Amino acid sequence: MIHITNEKIEQKEQTAITIGNFDGIHKGHIKLIESTIKYAKEKKLKSLVFSFYPNPREVIKNTNLNYILTREEKKKLIKDLGVDVFVEYPFDKELAIKSPEYFLNDILKNKLNTKAIFIGENYRFGNLGKGDCSTILNFGDENGIYVSIENLLNISSEKIDSTTIRKYILSGNVIKANLMLGRSFSLKGVVSIGNQRGRTLGFPTANIIPNDYKKILPQKGVYITSTFLFDINKIFPSITNVGHNPTFDDKSLVIETFIFNFSENIYNQIIEINFFDKIRNEKKFNNIEELKEQITNDVILAKKFHKIY
């Protein structure tokens with residue numbers, strides 16, 4: 001897959017493209033991308049995913065946005081789907097004020113050599129979001145470009161979109177977030193040396209520093225997880241705490257994972273934690289014995305989930 005992150009996006013071959021932010025690469029995004037790839041193969045076109053970076057909301061609203069995926073994670077998922085070209089077009093304030101017609105004619109038609117466009121039913125673009133599906137349909141009619149408007153997918157009558165998924169992750173409802181993603185939400189990072197308090201409690205943990213500060217973190221609490229160790233290419237059941245360890249009045253946020261049936265030294269290794277369900281909220285205990293008893297109960301719940309008896 002060709003990955004373009006600058007404005008040099010000109011395509012000599014004709015393309016079938018899908019457009020969006022694609023934060024999360026959720027089930028709806030996957031359906032859209034797969035439709036684009038299928039059409040491209042049938043018509044002997046290049047399949048192209050067109051996105052912006054940073055997310056236009058960050059530039060237009062001058063705010064920071066926590067992403068569901070890191071850029072590398074997004075790139076890998078798109079590549080694994082079989083896309084030919086992935087464009088992350090630089091988005092700035094100058095581009096934000098461009099008209100929908102500029103985007104359609106200068107970028108899609110002239111630079112991307114577009115012959116087919118696939119978009120979700122809620123897609124808007126151009127200055128103040130003036131462009132919508134009808135704008136693209138008219139553009140397609142005028143230029144002989146095939147346009148497909150895909151309906152948003154639903155789960156229990158709720159539309160699947162990145163904003164909703166982000167809301168569920170922030171509230172700790174990773175079950176619903178995972179249903180919409182079509183896979184488990186995960187955090188990847190390098191194992192660092194912590195205060196080693198877990199070892200003295202009988203539950204040694206691997207503490208990670210997330211590899212992208214812009215990636216969203218789940219609500220503070222204890223979760224049923226699995227942990228993938230890249231160095232040995234193996235996954236282990238685990239529980240993970242996201243929080244500040246209030247029993248010990250710690251100030252810094254930690255992400256610490258207790259990996260079941262594992263005792264190897266993995267400092268400085270990259271691991272990935274997959275989140276399945278939240279066990280409980282963060283809590284301050286009266287003493288260490290209370291904390292140890294609660295962690296023991298947390299482990300029992302997680303082992304039942306993983307069918308470890």
Side-chain angles (χ1 to χ4, degrees), residues 1-25 29-30 32-60 65 67 69-120 123-133 135-150 162 212 214:
M1 182 184 78
I2 297 170
H3 183 207
I4 302 172
T5 58
N6 54 44
E7 296 178 357
K8 297 177 181 178
I9 60 173
E10 290 77 5
Q11 298 295 308
K12 292 181 180 178
E13 293 182 49
Q14 295 177 340
T15 63
I17 79 167
T18 182
I19 315 163
N21 291 317
F22 299 105
D23 183 24
I25 310 294
H29 292 149
I30 292 170
L32 200 57
I33 293 170
E34 287 179 340
S35 295
T36 307
I37 293 171
K38 182 173 182 291
Y39 186 90
K41 287 180 177 178
E42 289 173 354
K43 303 297 182 181
K44 293 181 172 49
L45 307 171
K46 258 189 176 179
S47 59
L48 189 147
V49 171
F50 186 93
S51 185
F52 291 109
Y53 191 85
N55 188 303
R57 284 171 55 191
E58 288 195 273
V59 176
I60 295 167
L65 181 69
Y67 291 82
L69 292 172
T70 67
R71 293 180 77 180
E72 280 304 309
E73 288 168 341
K74 181 191 286 191
K75 176 184 173 182
K76 183 180 185 306
L77 286 169
I78 290 174
K79 180 180 179 180
D80 289 348
L81 286 168
V83 171
D84 294 319
V85 183
F86 173 36
V87 174
E88 286 185 293
Y89 198 82
F91 194 87
D92 54 24
K93 290 184 178 179
E94 183 180 344
L95 187 60
I97 62 174
K98 296 287 188 181
S99 68
E101 290 71 28
Y102 168 85
F103 178 67
L104 293 172
N105 288 293
D106 190 74
I107 293 180
L108 297 195
K109 182 181 174 182
N110 297 335
K111 291 183 178 178
L112 295 181
N113 202 3
T114 303
K115 295 302 172 185
I117 302 170
F118 290 77
I119 52 171
Y123 184 67
R124 302 194 72 89
F125 65 102
N127 184 28
L128 302 176
K130 292 175 182 175
D132 58 14
C133 292
T135 312
I136 294 180
L137 282 170
N138 292 334
F139 170 76
D141 288 340
E142 292 168 3
N143 293 277
I145 294 172
Y146 174 78
V147 177
S148 176
I149 312 296
E150 304 270 338
S162 299
D212 191 330
K214 292 179 74 68

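Being a predicted model, the structure only gives us computed values, none of them experimental.
Judged purely by atom type and a 3.5 angstrom limit, Glu150 has no side-chain atom pairing as donor or acceptor with the backbone of Ser148. A donor-acceptor contact shorter than 3.5 Å is absent between the side chain of Ser162 and the backbone of Gly24. In terms of modelled atom types and a separation under 3.5 Å, the side chain of Asp23 and the main chain of Tyr67 share no donor-acceptor contact. Remark: side-chain polar atoms of Tyr146 are not paired, donor with acceptor, to backbone N or O of Ala16 under 3.5 angstrom. Counting only distance, with no hydrogens or angles, the side chain of Glu58 and the backbone of Leu65 share a donor-acceptor pair below 3.5 Å. A side-chain donor-acceptor contact under 3.5 Å links Thr15 to the backbone of Leu112.
Between Pro54 and Val59, the shortest heavy-atom distance links the atoms CG-CG2, 3.8 Å. A pairwise comparison of heavy atoms in Phe22 and Ser51 identifies CD1-CB, 4.2 Å as the closest pair. The shortest heavy-atom contact between Ile145 and Ala116 is CG2-N, 3.8 Å. Minimum heavy-atom separation, Leu48 to Gln11: CD1-CG, 4.0 Å. Nearest heavy atom pair, residue Asn6 against residue Lys8, reads OD1-N, 2.9 Å. Between Tyr89 and Phe50, the shortest heavy-atom distance links the atoms CB-CZ, 3.5 Å.
Ring planes of Phe125 and Tyr123: parallel class, angle under 30° (limits at 30 and 60°). The aromatic rings of Phe103 and Phe52 lie tilted to each other, with the angle between the two planes from 30° to 60°.
Using a 4.5 Å heavy-atom threshold, the side chains of Glu7 and Leu95 count as separate. Within the 4.5 Å cutoff, the side chain of Val147 has no heavy atoms near those of the Phe139 side chain. In this structure, Leu104 and Asn143 have side chains that are not in contact, with every pair of non-hydrogen atoms separated by 4.5 Å or more.
In this structure, NZ in Lys46 is found 4.0 Å from CD1 in Ile2, a value given to the nearest 0.5 Å. In this structure, CD1 on Ile107 lies 5.5 Å from CD1 on Ile9, to the nearest 0.5 angstrom. Distance CD1/Ile97 to CG/Leu128: 10.0 Å, rounded to 0.5 Å. One finds the OG1 atom of Thr18 at 14.0 Å from the OH atom of Tyr39 (value rounded to the nearest 0.5 Å). Note that CD1 of Ile149 and CD1 of Ile119 are 3.5 Å apart. Values are rounded to the nearest 0.5 Å. Atom-to-atom distance recorded for Arg124:CZ and Ile136:CD1 is 10.5 Å, nearest 0.5 angstrom.
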From CA spacing to verdict: side chain to side chain contact (heavy atoms under 4.5 Å, CB included), Ile25, Ile30: CA-CA 6 Å; Ile25 310 294; Ile30 292 170; 3.9 Å; yes
Check against side chain to side chain contact (heavy atoms under 4.5 Å, CB included), Lys111 and Asp106: CA-CA 6 Å; Lys111 291 183 178 178; Asp106 190 74; 3.5 Å; yes
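Take Lys130 and apply the side chain to side chain donor-acceptor pair (under 3.5 Å) test, not counting sequence neighbours, and it matches no residue.
Every pair passing salt bridge (charged side-chain N to carboxylate O under 4.0 Å, His left out) that includes a residue from residues 84-102 is listed here, sequence neighbours excluded: Arg71-Glu88.
Counting heavy-atom neighbours within 6.0 Å of Lys214 NZ, excluding the residue itself, gives a total above 12.
Using a 4.0 Å cut-off between a side-chain N of Lys or Arg and a carboxylate O of Asp or Glu, Lys38 and Glu34 do not qualify as a salt bridge.
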List the atom pairs, with distances to 0.1 Å, where a side-chain N or O of residues 74-83 and a protein N or O form a donor-acceptor pair under 3.5 Å, not counting sequence neighbours.
residue : atom : partner : partner atom : Å
Lys74   : NZ   : Asn21   : O            : 2.8
Lys76   : NZ   : Asp80   : OD2          : 2.7

